[in-house]
Amino acid sequence: MTINHQIRLAARPMGLPKDSDWQRTEEPMPEPAEGQFLVKVLYLSLDPAMRGWMNDGKSYIPPVGLGEVMRAGAVGKVIASKHPKFSVGEVVVGTFGVQEYALSDGRAVNKIDPGLAPLPVWLGTLGMPGMTAYFGLLEVGEAKAGETVVVSGAAGAVGGVVGQIAKIKGCRVVGIAGGADKCRYAVEEMGFDACIDYKAEDVKTALKQHCPKGIDVYFDNVGGDILDAALTQITRGARIVICGAISQYNNTTPVKGPSNYMSLLVNRASMKGMVVFDYADRYAIAGREMAGWLVAGKLKSREDIVEGLQTFPETLLKLFKGENTGKLVLKVADDHE
Ligand code: NAP
């Protein structure tokens with residue numbers, strides 16, 4: 001009998017998730033009923049949003065219930081099917097959860113072409129983070145050639161793509177990231193004009209130096225003090241994209257709001273939140289353009305791959321400790337098994 005190893009949410013964490021917030025379970029591998037197919041999970045997407053899904057409260061998506069398999073995006077292979085539109089051997093991306101095998105009825109599942117890019121890229125640059133970068137920068141941020149774009153979380157899955165798309169579109173790009181290695185990566189490998197190491201520099205002073213004409217678009221992945229510093233340097237009509245606030249996700253005290261928000265008034269600027277799922281009907285269009293940039297070498301994709309489903313609890317923490325560069329992915333099984 002084939003076993004399906006799973007990781008379930010056992011408790012709602014206070015602060016950083018602990019090992020005791022998870023439960024490891026085993027079940028027999030399920031069999032598809034009529035209208036279903038069975039996916040063998042190959043790679044799991046580890047996302048900062050997972051921390052929010054563990055909390056009880058109103059959000060853009062319901063929380064994961066206690067005792068449920070943890071929600072996760074994944075790439076997998078169809079290994080059994082009683083579904084008219086999905087066949088054995090096809091590679092698919094969907095929300096299959098932190099487990100080895102998942103049943104699906106095909107809703108919100110997309111087929112991917114493994115020949116176009118390695119499988120982990122479909123969870124990063126050609127997946128949800130890439131779509132977030134694309135629509136957040138171009139539609140919410142309305143970035144235009146000649147403008148100055150600043151992005152925090154610059155060496156991460158979303159931030160790295162934001163900066164590179166902004167360069168493709170002719171913007172000046174300044175990243176903000178933690179540590180000299182990440183900043184070097186942003187400038188030397190992804191082509192950013194500059195990158196501020198927020199762990200070693202005063203962000204406000206450095207922004208003034210690297211953005212002499214001010215910030216036209218600030219793409220915020222981190223919130224907190226860095227958002228506040230960026231607000232002091234915005235131009236008239238600037239757009240601030242609220243994509244995430246990872247510096248606040250594990251707070252046990254209330255979220256720290258921006259004290260410099262009056263800068264929005266003075267500069268007739270706007271601050272707008274975005275949720276990538278709102279753009280789902282146009283992922284294919286964005287994906288084609290992004291794939292073209294990848295093939296042309298204009299866009300680089302980097303994945304940080306850790307192996308083993310059972311390492312999920314500690315691997316997830318890498319996001320909150322800044323230990324990943326590029327998209328954090330958990331490898332669950334080999335493609336050829
Ligand atoms: P990521 O940037 O690949 O990984 C997280 C990074 O956040 C870490 O590597 C770390 O980099 C940084 N970080 C962690 N704690 C921090 C702190 N206290 N202060 C400043 N930086 C900190 O993650 P991602 O998947 O690309 O997600 C980035 C952001 O986008 C997150 O806020 C996420 O929630 C958001 N997001 C939003 C949507 C949406 O639809 N709105 C969709 C996807 C993602 P350093 O070493 O540089 O600190």
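In listed order, ligands and their atoms are each counted from 1. Computed from heavy atoms alone, side chains included, the values below leave out hydrogens, waters and symmetry copies.
Between Trp122 and Tyr43, the distance separating the two ring centers is not shorter than 6.0 angstrom.
With Lys327 contributing its side chain and Val158 its backbone, the two residues share no donor-acceptor pair below 3.5 Å. For Lys182 (side chain) and Ala180 (main-chain N/O), no donor-acceptor pair under 3.5 Å exists by modelled atom type.
A donor atom on one side chain and an acceptor atom on the other are not found under 3.5 Å apart for Gln6 and Arg24.
Cation-pi check for Lys82 over Phe37 is not met; the charged atom does not lie both under 6.0 angstrom from the ring centroid and within 45 degrees of its normal. For the pair Arg51 and Phe320, the cation-pi criterion (under 6.0 Å, within 45° of the ring axis) is not fulfilled.
The protein residues lying under 4.0 angstrom from ligand 1, judged by non-hydrogen atoms, are Pro48, Met128, Thr132, Gly156, Ala157, Val158, Ala177, Gly178, Lys182, Tyr198, Asn221, Val222, Cys243, Gly244, Ala245, Ile246, Ser247, Tyr249, Met274, Val275, Val276, Leu319, Phe320, Gly322, Asn324, Gly326.
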